[in-house]
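A short write-up of the structure that comes next.
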Amino acid sequence: MLRLALTKGRIEEKALEYLKESGYDTSELDKEKRGRKLLFRVGNEIEVVLAKAADVITYVERGVCDGGIVGEDTIMEAGANVYELLDLEFGKCRFALAGIKGKDFYQGSGHKIIASKYPAVTKKYFNEKGIDVEVVKIEGSVELGPVLGLSDAIVDIVETGSTLKANGLEVYEDVAQISARFIANVSRIKTKKQEFDKLTAALARTVKNKREKCLGEN
Amino acid sequence: MAGYKKNVPLGTRDIMFGEATLYRNLRNRLTGLYTRLGFSEIMTPGIEYYDVFEAGSTLPQESMYKLTGSDGRLLVMRADNTTPIARVAACKLPEDRVTRLFYHQRIYRLSEGYKGRRSEIMQSGVEIIGASGIQSDLVCIHTALETLSEVCGDYKLELGHVGYYNAMISELGLDRELEGRIRKLVEAKDAGKIEKYEKIRKIPFLFGGAEVFPEAAELAKGNGKALAALEYLKKVYTALCEAGYKDRILIDLGIVHSLDYYTGLVIKGYMEGAGEPVLAGGRYDTLVSKFDRDMPATGFGVNVSEIAETLMREKPKSEVTDGISGEEISFDEKSFPEAVRYLRENPGSCLSVAHTENDV
């Protein structure tokens, strides 16, 4: 039996679709059936827990769940010690550096402030570039940072870029590409190797099928 | 203001009653095992100069607890056990013989808060200093297997060899930065992002049983160094299988953590129910030379805290017990001498202490 933590919301919906297509019975998690439960059976081999993204990492890292499905953004921010077994190729978006449209972020030698929900990702990115910035953590609507004059730029998740545009901001550069990942606890993957092999292979097949189907449609 | 006078720092805990007994039992059993197998105990200071860890350890600075010594120099609370032992080996051990050491010492690691990570870890382990070659590797692995069998119940020990990965990556002639990035991806088994490097992206999945060897050899075709490392690993694996450990041993050629530290065979131990490896180690032939003396060495550390907590999880939570197993003798100041005499003649009994309110 494998216990998996799924990130609640959009990732969970997609993850269940993928599990279903991989041949697992996800009916216990049907919206009308699930009620207020947090722990579900998926077929005879999997137990599913629904959790917030950052908690998925905590559960998997601590080994109370064997594996999980979570966005790469959360993994990067947590600096998690987990195995990333599979890129599930959904939930695709990117981390980007953005700010007031038309401004050159790198111009000038003054103190630079970056607002972000992801201070660790931001710090690491600029550290690797050898640039010293001050990171201010903002919990929501990071776009307000440059608009209100709190920060010179933001590092945030960008999907379509429409929120940026609506607030007079633009992407300066991409920081990292992101998608949903199938992750595993570093110890359980060894003590439950067969279970992991089976699920990873099944999910990999589904990812491949979807990719091919998608190519076919285009 | 209440302050924190009733709290322990994050990542530490008070251990008592059944759990403290369990820690002591684990320690006693390992002491018995290591003594039988010819190791002697070493104790090193709880604080060391920062210079020691800067020279010998690959731990990042931010994961060490630091304080200032009486001479104004920076000190570190023991952040790992092997580095101080390497210091001892270089400065105090005889150069012309093999020394086998074991230890039971706490280590301290600073980590980001509120993730349930420990900052104080009880670690046991062994180091074999002054020997290279298959004999010392087999003694080290045998001791690791016996360690797991002594304290872990159901366990697996995994073998790898850093020479395989090193030879495969250096074949590509990449610059250091790119090499570092690829190593991180291999370590996380995140093969999807290692797009271009067809061979390297297969390495994270070279783990399992004996079936790994032909796969790995096929991948390393033409790379003499990688094949030599593989051949050595196979020799060790075969010897261990024939000694009866077959069901306990796994192979993982994707173990690439701490590459700067390990130089040959690497091992990791897994316990059923534990959330992280409970044993880690390998050959570190260049560590002692960081303290200016060339001595080959191999060894491993055991995360006793993780083992104890895994064992406790399977039992009911530790109950408050009075620790009294034998007869209890009540006494007052007049009968005290008589009670002590009785105690001498009846080992196993103890003096009683009555609970009193603070109003006497």
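Note that the coordinates shown come from a computational prediction; the quantities given were computed from them, not determined experimentally. Per chain, numbering begins at 1; letters A, B, ... match sequence-line order.
For residues 171-182 of chain A, a heavy-atom distance under 4.5 Å to chain B picks out A:Arg181, given by residue number. Interface residues of residues 126-134 of chain A toward chain B, defined by a heavy-atom distance below 4.5 Å: none.
No more than 12 heavy atoms of other residues, nucleotides or ligands shown are found within 6.0 angstrom of CZ on A:Arg10. Environment of CD in B:Glu211: crowded, with over 12 heavy atoms of neighbouring residues, nucleotides or ligands closer than 6.0 Å. No more than 12 heavy atoms of other residues, nucleotides or ligands shown are found within 6.0 angstrom of NZ on B:Lys234. Within 6.0 Å of CG on B:Asn7 lie more than 12 heavy atoms contributed by other residues, nucleotides or ligands. Heavy atoms from other residues, nucleotides or ligands lying under 6.0 Å from NZ of A:Lys20 number 12 at most. When the shell of 6.0 Å around NZ of A:Lys37 is examined, it contains more than 12 heavy atoms from other residues, nucleotides or ligands. With a 6.0 Å radius and a threshold of 12 heavy atoms from other residues, nucleotides or ligands, A:Lys193 has its NZ atom above the threshold. The number of heavy-atom neighbours closer than 6.0 Å to NZ of A:Lys124, taken from other residues, nucleotides and ligands shown, is 12 or below.
No part of B:Glu177 comes within reach of chain A, as not one of its non-hydrogen atoms sits under 4.5 angstrom from that chain. There is no contact between B:Tyr155 and chain A, counting heavy-atom distances below 4.5 Å. Residue A:Glu89: no heavy atom, backbone or side chain, is found under 4.5 Å from chain B. Contact annotation for A:Asp87: neither backbone nor side-chain heavy atoms come within less than 4.5 Å of a heavy atom of chain B. Heavy atoms closer than 4.5 Å to chain B are found nowhere in A:Val60, neither backbone nor side chain. The parts of A:Ala78 that come within reach of chain B are both its backbone and its side chain, each placing non-hydrogen atoms under 4.5 angstrom from that chain.
Judged as a ring pair (Phe, Tyr, Trp, His ring centres under 6.0 Å), and not counting sequence neighbours, B:Tyr245 has no contacts. With sequence neighbours excluded, no residue satisfies ring pair (Phe, Tyr, Trp, His ring centres under 6.0 Å) with B:Tyr108.
Distance CG/B:Leu250 to OG1/A:Thr191: 9.5 Å, rounded to 0.5 Å. The structure places CD of A:Glu61 at 8.5 Å from CD of B:Glu276, a figure rounded to the nearest 0.5 Å.
Of all heavy-atom pairs spanning B:Gly273 and A:Arg188, the tightest one is O-NH2, 2.9 Å. In terms of heavy-atom proximity, A:Ile189 sits nearest to B:Phe207 at CD1-CZ, 4.0 Å. Here the closest heavy-atom approach between residue B:Glu187 and residue A:Tyr83 is recorded as O-CE2, 3.0 Å. B:Tyr270 approaches A:Val186 most closely through the heavy-atom pair CE2-O, 3.6 Å.
Under the 4.5 Å side-chain criterion, counting only non-hydrogen atoms from C-beta, B:Asp252 is in contact with A:Lys190.
Counting heavy-atom pairs closer than 4.5 Å to chain A, the top residue among B:Pro277, B:Gly208, B:Ala274 is B:Ala274. The greatest number of non-hydrogen atom pairs below 4.5 Å with chain A, out of B:Glu272, B:Lys156, B:Arg117, is found for B:Arg117.
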